[in-house]
Amino acid sequence: MNILGIETSCDETGVAVYAEPGGLLAHRLHSQVAMHREHGGVVPELASRDHVQRLVPLIRETVSEAGLGLPDLTAIAYTAGPGLIGALLVGATLARSLAWALGIPAIPIHHMEAHLLAPMLEPDPPEFPFLALLVSGGHTMLVQVESLGQYRILGESLDDAAGEAFDKTAKLLGLGYPGGPAVERLAAEGEAGRFTFPRPMTDRPGLDFSFSGLKTYCANTVRDHGKEPGAPAAIARAFSEAVVDTFIIKCRRALKETGLRTLVVAGGVSANRQLRAGLDALAKTQGARVYYPQPAFCTDNGAMIAYAGYLRHRAGERAPLDFAARPRWSLEEIGLTAGA
Ligand code: KG4
Ligand code: ZN
């Protein structure tokens, strides 16, 4: 079985081949970060056009690096949503046309499902069931994962996603785009205890999140103290600590409520070392184990799409021909259409 995976939901063109036997045979990524940087964020139309230019050569290179030709492919998995509609349509159209021409199935993949399965690509993978903390640029949620396709959202952000909060804080601190890695680096140099940010929604029951207030708090702190020596790093540190603490509190609660002892953390923000240190420490006190993707597979990539496609194809998934792309799509709706 050789599954080609295609990711084009936002600003990365990702392509990979996952095989059985053999595992991940090849994966390639073209990042549009440099192109969007001058605009301070992702410009949807530029993203779609760049996917159009990059995708075909990237597929050729990846399939050849895997030691295969197009006729060796068993199925083509692609990100069908959620994401930017134009960007999604580029991947969906190419994946479906190529699959039709080759006479093989095309498998639509939910982008957040692929993120939460990404730690399974590692040598010592987590096993179902588990609790997943998904922290990306567009989504923040806690999900109870029973098995492939069986997802219950326990809590999610009511406003900004965690990655979005990092990006906005970076902008306020003049760090540019994307903000997460830059805030992480600056926070590591920040003085402890100089500023304290609130831990949003931790003083009431429930597992939902809210990060938009942190942005306002950050803007006010920058306005009042931003020019003082060492302030930007101390602000980055206070912001990171607030986000990390919030996740620790909510994950502890969710582990307790579900009785689960396996925590999976995925999505762009799961690359953050301060977050990892905090969740590792939490897991120790809870007798739980925590799993992350390798750093390259925390942010968007084709490997996680190929892998999700592999699991779904193996489970007998047969997607209807009319399924193209869905910019809005809940994880709880997807299920598994085995043999349909
Ligand atoms: O999962 P992802 O690549 O795309 C979406 O599906 O949204 O996540 C991108 C987000 C961006 O907001 C970026 O700033 C954030 O992940 N991010 C980080 C780090 N690396 C990426 N946030 C905090 N620390 C990091 N090291
Ligand atoms: Zn993503």
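Here the structure is a predicted model, which means the values were calculated and not measured. All ligand and atom numbering here is 1-based and tracks the order in the structure.
In V269, the parts holding a heavy atom less than 4.0 Å from any atom of ligand 1 are both the side chain and the backbone. The proximity of H115 to ligand 1, defined as any non-hydrogen pair under 4.0 Å, is limited to the side chain. Contacts between E12 and ligand 1, counted as non-hydrogen atom pairs separated by less than 4.0 Å, are absent for every part of the residue.
Which parts of ligand 1 touch G137 is read off a 4.0 Å heavy-atom cut-off, strictly below it: atoms 5 (C), 7 (O), 8 (O), 9 (C), 10 (C), 12 (O). Near D300, with a cut-off below 4.0 Å to any heavy atom, the atoms of ligand 1 are 1 (O), 2 (P), 3 (O), 4 (O), 5 (C), 6 (O). Heavy-atom contacts of G163 reach the following atoms of ligand 1: 12 (O) (cutoff under 4.0 Å). Within ligand 1, the atoms closer than 4.0 Å to a non-hydrogen atom of H111 are 6 (O), numbered from 1 in the order shown.
R96 places no side-chain N or O within 3.5 Å of a backbone atom of P105 that could act as its donor or acceptor partner.
The only option from Y18, Y307, F297 that meets the ring-ring contact (aromatic ring centres under 6.0 Å, His included) definition with H27 turns out to be F297.
Considering backbone and side-chain atoms alike, P178 places every N or O at 3.5 Å or more from each N or O of ligand 1. Of the N or O atoms in A271, none lie within a sub-3.5 Å distance of an N or O in ligand 1.
Inclusion of C10 in the first shell of the Zn ion (ligand 2) is not supported: no N, O or S atom falls under 2.8 Å.
The NE2 atom of H111 and the OD1 atom of D300 meet at the Zn ion (ligand 2) at an angle of about 90°, given to 10°.
Note: H110 and W329 have tilted aromatic rings, judged against thresholds of 30 and 60 degrees for the angle between ring planes.
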